[in-house]
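One structure below.
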Amino acid sequence: MADPKGFLKITERELPKRRPVPVRIMDWREVYEPGDSAVLRRQAGRCMDCGVPFCHQGCPLGNLIPEWNDLMWRGEGRSAIERLHATNNFPEFTGRLCPAPCESACVLGINQPPVTIKQIEVSTIDEAFANGWVEAEPPGRLTGKTVAVVGSGPAGLAAAQQLTRAGHTVAVYERDDRIGGLLRYGIPDFKMEKRHIEARLRQMQDEGTRFRAGVEIGKDISWDALRARYDAVVVATGSTLPRDLAIPGRDLAGVHFAMEYLVESNKAVAGDQVANQIHAEGKHVVVIGGGDTGADCIGTAHRQGALSVTNLAIGKQPPSDRPDTQPWPMMPTVFEVASAHEEGGERSYLASTVEFLGNEAGEVRALRVAETEFVDGRRVPKSGTEREIPADLVLIAMGFTGPERTELEAQLGTVFTDRGNVERADDYQTTAPGVFVAGDAGRGQSLIVWAIAEGRAAAAAVDRYLMGDTDLPAPVRPTDVAIGLQRA
């Protein structure tokens with residue numbers, strides 16, 4: 001184990017400092033300063049190597065956290081990345097983007113701040129890339145079987161890498177002009193610079209995975225034609241239909257879905273020319289929705305020079321500490337200050353938008369917002385509490401309702417659940433034979449660790465379907481729940 005007395009000697013969490021706000025909002029680089037290796041080792045030494053390491057259960061990937069904590073504490077970075085890669089294809093993504101349910105489940109967290117697992121993870125993979133320890137792992141033989149993976153987000157990339165390493169010939173199809181899905185165009189660079197995606201894609205190409213960007217399945221190639229061309233198909237298109245806010249004034253100019261805004265910003269940051277880009281410069285910006293996507297919009301608006309930024313959430317402000325209703329080792333809902341919130345703006349809770357107000361030119365000029373109250377189990381606007389908030393740009397970041405379904409239904413006869421997700425069996429296979437689904441398209445909107453875990457598990461199911469058996473690990477089943485640490 002790591003330092004047997006580490007958790008007794010070091011009782012506080014130490015994380016890398018964020019760059020000063022006035023500096024970082026002038027660029028799109030990641031907000032954190034480089035970490036100190038001495039601090040990292042001290043924090044890794046706090047891991048107790050518990051008899052029952054609940055962090056394993058907290059992570060859908062089943063990451064071997066005590067093992068690589070111990071190795072990092074000993075300064076054995078190459079061995080640490082081998083243990084980390086044993087369960088996680090892309091720790092450079094999860095170490096930057098995951099909300100770390102493993103830390104909520106850390107046994108040390110019962111009476112101390114938990115181990116900085118996420119920071120140790122990202123430092124491990126960054127060190128590995130810097131030292132050339134992330135090498136291609138091409139298969140020793142080819143099976144002669146072919147697989148198409150549709151969608152190049154974390155679920156699709158994980159499935160593709162696993163199936164390529166199993167010896168199948170894998171092609172990843174992506175309708176956008178670059179590979180990466182929402183990792184590419186949904187995540188701002190201040191959270192994850194795109195060089196991390198490029199580094200991993202080079203490894204996957206060297207292993208034999210083929211990438212087909214700019215091809216939309218269902219239109220450029222029909223789903224049934226794709227199924228006829230390949231021995232198996234993995235649907236990993238994500239949950240991309242945004243939840244709308246159908247209130248008066250929704251059709252006013254200047255009211256957009258968050259992902260429209262973020263995609264255009266990410267393309268511009270990548271150097272693309274974006275015609276009529278949705279831009280926050282000199283505008284009063286209102287972001288509706290208090291989740292991660294909303295925070296990404298806030299940070300983007302700051303960097304674009306917004307005049308003001310207001311964030312509206314319909315629910316109560318979460319407590320600062322773990323509530324009694326969400327005891328350890330559950331992942332609690334607590335008040336968090338993301339880097340974007342630290343950069344400015346106002347956060348308003350119990351706020352319900354009841355109308356978008358426009359000017360004579362048909363452009364949004366303000367929101368009419370009311371406080372909320374519970375009526376018949378629903379949170380609704382409270383009469384007499386309405387107020388106006390100036391707004392030149394409104395971004396709706398209220399989550400997603402499911403995958404796009406028209407072509408899948410029409411061309412493959414795929415069945416969808418009542419919640420709008422692709423229906424699947426315990427082996428990740430849809431109602432269309434030989435067609436599997438992984439990630440948010442089958443699960444619904446969820447965490448990046450669940451997407452990678454499902455991609456790995458779906459890959460094992462596809463390998464078994466093609467070969468009759470598999471040696472690939474299957475960390476989760478479709479029936480596993482994403483709340484707490486229960487398993488169905």
Side-chain angles (χ1 to χ4, degrees), residues 27-31 90 92-94 96-98 149-158 160 172-202 204 211-220 235-243 256-280 285 287 289 291-304 338-340 393 395-404 439-441 445-448 451-452 455:
D27 61 45
W28 295 91
R29 293 190 294 113
E30 292 178 12
V31 302
F90 313 124
E92 66 276 18
F93 304 157
T94 56
R96 288 175 168 83
L97 305 175
C98 178
V149 176
V150 183
S152 65
L157 291 180
V172 178
Y173 288 88
E174 169 58 57
R175 66 182 177 184
D176 284 327
D177 59 343
R178 295 182 178 92
I179 297 296
L182 288 186
L183 291 171
R184 171 78 65 180
Y185 285 136
I187 303 296
D189 280 46
F190 60 81
K191 286 180 69 174
M192 186 182 74
E193 295 174 21
K194 302 308 180 284
R195 59 187 173 88
H196 302 296
I197 301 176
E198 300 299 341
R200 186 61 72 172
L201 293 180
R202 285 193 293 271
M204 294 181 66
F211 295 105
R212 304 285 185 264
V215 180
E216 184 169 2
I217 304 303
K219 295 182 179 179
D220 298 321
V235 179
T237 52
S239 178
T240 56
L241 293 178
R243 181 173 286 105
H256 302 275
F257 287 120
M259 207 49 65
E260 297 176 70
Y261 173 66
L262 292 174
V263 167
E264 290 190 3
S265 174
N266 276 300
K267 287 187 175 183
V269 171
D272 295 351
Q273 295 295 319
V274 181
N276 302 313
Q277 181 186 351
I278 305 167
H279 208 282
V285 179
V287 179
D292 288 341
T293 302
D296 293 344
C297 291
I298 293 169
T300 299
H302 289 317
R303 284 158 179 77
Q304 290 182 344
S339 65
L393 174 61
L395 303 171
I396 300 173
M398 297 169 52
F400 303 88
T401 61
E404 298 164 35
D440 290 2
Q445 182 183 351
S446 192
L447 306 180
I448 185 173
I452 296 172

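Everything numeric in this text was worked out from a predicted model, so none of it was measured.
Scanning for salt bridge (Lys or Arg N to Asp or Glu O under 4.0 Å) contacts around Asp292 gives an empty result, with sequence neighbours left out. Ser239 is linked by a side chain to side chain donor-acceptor pair (under 3.5 Å) to nothing, counting only residues two or more places apart in sequence or in another chain. Applying the side chain to side chain contact (heavy atoms under 4.5 Å, CB included) criterion to Ala213, with sequence neighbours excluded, gives Ile179. Remark: Arg195 engages Glu193 in a salt bridge (Lys or Arg N to Asp or Glu O under 4.0 Å) (not counting sequence neighbours). Contacts of Arg200 classified as salt bridge (Lys or Arg N to Asp or Glu O under 4.0 Å), with partners at least two apart in sequence or in another chain: Glu92. Applying the side chain to side chain donor-acceptor pair (under 3.5 Å) criterion to Thr237, with sequence neighbours excluded, gives no partner residue. With sequence neighbours excluded, the residues that form a side chain to side chain contact (heavy atoms under 4.5 Å, CB included) with Val215 are Tyr173, Arg212, Ile217, Asp220, Ile221. Listed by chain and number, the residues in a ring-ring contact (aromatic ring centres under 6.0 Å, His included) with Phe93 are Phe90 (sequence neighbours excluded). Under the side chain to side chain donor-acceptor pair (under 3.5 Å) criterion, Asp176 pairs with no residue, sequence neighbours left out.
Salt bridge present: Arg96 and Glu30 bring a charged side-chain N and a carboxylate O closer than 4.0 Å.
Among all heavy-atom pairs drawn from Gly151 and Val172, the shortest one is O-CG1, 3.9 Å. Nearest heavy atom pair, residue Ser152 against residue Gly180, reads OG-N, 2.8 Å. Gln445 and Gly399 make their closest contact through OE1-CA, 3.5 Å (heavy atoms, listed as atom of the first residue, atom of the second, distance). Closest approach of Ala441 and Pro403 over heavy atoms only: O-CG, 3.5 Å.
Residues Leu183 and Ile448 are in side-chain contact: their nearest non-hydrogen atoms beyond the backbone lie under 4.5 Å apart. A 4.5 Å side-chain heavy-atom check between Arg184 and Met192 finds every atom pair outside the cut-off. In this structure the side chain of Leu201 reaches within 4.5 angstrom of the side chain of Phe211, judged on heavy atoms. Side-chain contact between Phe400 and Asp440: absent, with no pair of heavy atoms (C-beta onward) separated by less than 4.5 Å. At least one side-chain heavy atom of Asn266 sits less than 4.5 Å from a side-chain heavy atom of Lys194.
The main-chain N or O of Ala280 is found under 3.5 Å from a side-chain atom of Gln304 such that the two form a donor-acceptor pair. Using modelled atom types, no side-chain atom of Thr401 and backbone atom of Arg243 make a donor-acceptor pair closer than 3.5 Å.
Atom-to-atom distance recorded for Glu174:CD and Leu157:CG is 9.0 Å, nearest 0.5 angstrom. To the nearest 0.5 angstrom, Thr240 atom OG1 is 3.5 Å from Glu404 atom CD. For the atom pair Ile278 CD1 and Leu395 CG, the distance stands at 7.5 Å (nearest 0.5 Å).
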Tell me which donor-acceptor pairs under 3.5 Å the side chains of residues 293-303 have, and how far apart each pair is, sequence neighbours excluded?
| from | atom 1 | to | atom 2 | distance (Å) |
| --- | --- | --- | --- | --- |
| Asp296 | OD1 | Lys191 | NZ | 3.1 |
| Thr300 | OG1 | Asp296 | O | 2.8 |
| His302 | NE2 | Gly344 | O | 3.1 |
| Arg303 | NE | Asp27 | O | 3.2 |
| Arg303 | NH1 | Gly299 | O | 2.9 |
| Arg303 | NH1 | Glu343 | OE1 | 2.8 |
| Arg303 | NH1 | Glu343 | OE2 | 3.4 |
| Arg303 | NH2 | Glu343 | OE2 | 2.9 |

Going through the checks in order, is the side chain to side chain contact (heavy atoms under 4.5 Å, CB included) test met by Tyr185 and Asp177? CA-CA 10 Å; Tyr185 285 136; Asp177 59 343; 2.5 Å; yes

Test side chain to side chain contact (heavy atoms under 4.5 Å, CB included) on Ile452 and Thr94 and set out the steps. CA-CA 9 Å; Ile452 296 172; Thr94 56; 3.5 Å; yes

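Applying the salt bridge (charged side-chain N to carboxylate O under 4.0 Å, His left out) rule to pairs touching residues 256-270 yields nothing, sequence neighbours excluded. Screening residues 269-280 for side-chain hydrogen bond (donor to acceptor under 3.5 Å, both in side chains), with sequence neighbours left out, gives Arg178-Asp272.
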